[in-house]
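Comments concern the structure below.
Predicted model only: the values in this text are computed from it and were never measured. If you read the sequence from its start, that first residue is 1, and numbering goes on from there.
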Amino acid sequence: MSEKTPGFFGRLWRALRRPPAKTSLLTLILVIGIGGIVVWNVFYAALNATNREEFCIGCHEMRDNNYAEYKKTIHYSNRTGVRAICSDCHVPKEFGPKMLRKFRASKELWGKLTGSVDTPEKFEAKRFELAQHEWARMKANDSLECRNCHDFDSMSEEKQGKTRFNKHMKAKQDGQTCIDCHKGIAHKLPKEYHDPDEDE
């Protein structure tokens, strides 16, 4: 009985396992190099696509809750016309921290699948917990995303006014970071939140 002739994938697998002796090292390097470039470009395109605002508000949980309230803030509409989108505040620009954030954010898919915040009532019930996670993340990275646009050393006393400027300089001197004072800057504060400054 004659052995069945392998199909395309069978021949390809055999060639990959035992490349023919006549295949030059240069050919193998070129194939691997071109394949690596293609894979990197696909990966990079996917990474950029997940940073777009359209992606962030692709589910109704974000579009109807966080995004709706963000549209009423100065980060959405202001006198200078500079808009900070979701990823500007929630995804670091540097590659290492960005990948770590993407990896951690993939856990949020579980919330989508289980419907943990799929109604406004469920979202409100979890708002404080979700906010605390985000505040802790931003505190731990020294409000890295905020500082992509805002920098203590670039602040103008003339444009901010003396009171605000002095508060910012004191925060810098005390080692505070943006999220210490600006928790409600782009989203509604949870009803459970208590501002410690109100006690002073």
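Put simply, Met99 and Tyr44 are part of the same group of oily side chains (I, L, V, M, F, W, Y) that touch within less than 4.5 Å, one to the next.
Using cut-offs of 30° and 60° for the angle between ring planes, the Tyr193 and Trp135 rings count as perpendicular. Under the 30°/60° scheme for interplanar angles, the aromatic rings of His75 and His150 are found to stand perpendicular.
Annotation: side chain of Lys98 is not in contact with side chain of Lys93 (no heavy-atom distance under 4.5 Å). Thr80 places a side-chain heavy atom less than 4.5 Å from the side chain of Val82. The shortest side-chain heavy-atom distance between Glu94 and Leu144 falls under the 4.5 Å cut-off. Residues Leu130 and Glu108 are not in side-chain contact: their nearest non-hydrogen atoms beyond the backbone lie 4.5 Å or more apart. In this structure, Tyr76 and Lys71 have side chains that are in contact, with non-hydrogen atoms separated by less than 4.5 Å. When side chains are defined from C-beta on, Lys112 counts as touching Cys59, because their heavy atoms get closer than 4.5 Å. Side chains of Leu47 and Lys102 form a contact here, defined as non-hydrogen atoms less than 4.5 Å apart. Considering only heavy atoms from C-beta on, Glu192 stays 4.5 Å or farther from Arg127 through its side chain.
Around the NZ atom of Lys139, the shell of radius 6.0 Å holds more than 12 heavy atoms that belong to other residues, nucleotides or ligands. Atom CD of Glu54 has more than 12 heavy atoms from other residues, nucleotides or ligands within 6.0 Å.
Heavy atoms only, all atoms of each residue included: Asn65 and Pro120 are closest at OD1-CA, 4.1 Å. For Arg101 against Pro92, the heavy-atom pair with the smallest separation is CB-CD, 3.7 Å.
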- Item | Verdict with supporting geometry, Met62 and Phe123, side chain to side chain contact (heavy atoms under 4.5 Å, CB included) | CA-CA 10 Å; Met62 290 298 108; Phe123 185 84; 4.2 Å; yes

- Please lay out, stage by stage, how Ile37 and Trp40 fare under the test side chain to side chain contact (heavy atoms under 4.5 Å, CB included). CA-CA 5 Å; Ile37 290 169; Trp40 174 256; 5.8 Å; no

- Let me see the working for Glu121 and Lys126 under salt bridge (charged side-chain N to carboxylate O under 4.0 Å, His left out), right down to the final yes or no. CA-CA 9 Å; Glu121 296 76 24; Lys126 285 198 75 148; over 6 Å; no

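The backbone N or O of Gly115 lies less than 3.5 Å from a partner atom in the side chain of Lys122, making a donor-acceptor pair. Arg147 places a side-chain N or O within donor-acceptor distance of the main-chain N or O of Asp142, the cut-off being under 3.5 Å.
Within the model, atoms CG of Asn78 and OG1 of Thr73 stand 9.0 Å from one another, a figure rounded to the nearest 0.5 Å. To the nearest 0.5 Å, the span separating CD1 on Ile85 from CZ on Phe55 amounts to 12.5 Å. In this structure, OG on Ser143 lies 7.0 Å from CG on Asp180, to the nearest 0.5 angstrom. Atom CD1 of Ile57 is separated from atom CG of Asp64 by 9.5 Å, given to the nearest 0.5 angstrom. Here Arg63 contributes atom CZ and Tyr70 contributes atom OH; the two are 15.5 Å apart, rounded to the nearest 0.5 Å. Rounding to the nearest 0.5 angstrom, the gap separating the SG atom in Cys146 from the CG atom in Asp151 is 12.0 Å.
A salt bridge between Glu145 and Arg137 is present, with a side-chain N of the basic residue lying under 4.0 Å from a carboxylate O of the acidic one. Here Lys183 does not pair with Glu134 in a salt bridge; the nearest charged N to carboxylate O distance is not below 4.0 Å.
Scored by the side-chain contact (heavy atoms from CB on, under 4.5 Å) test, Met155 finds Phe152, Gln160, Phe165, His168, Met169 as partners (sequence neighbours excluded).
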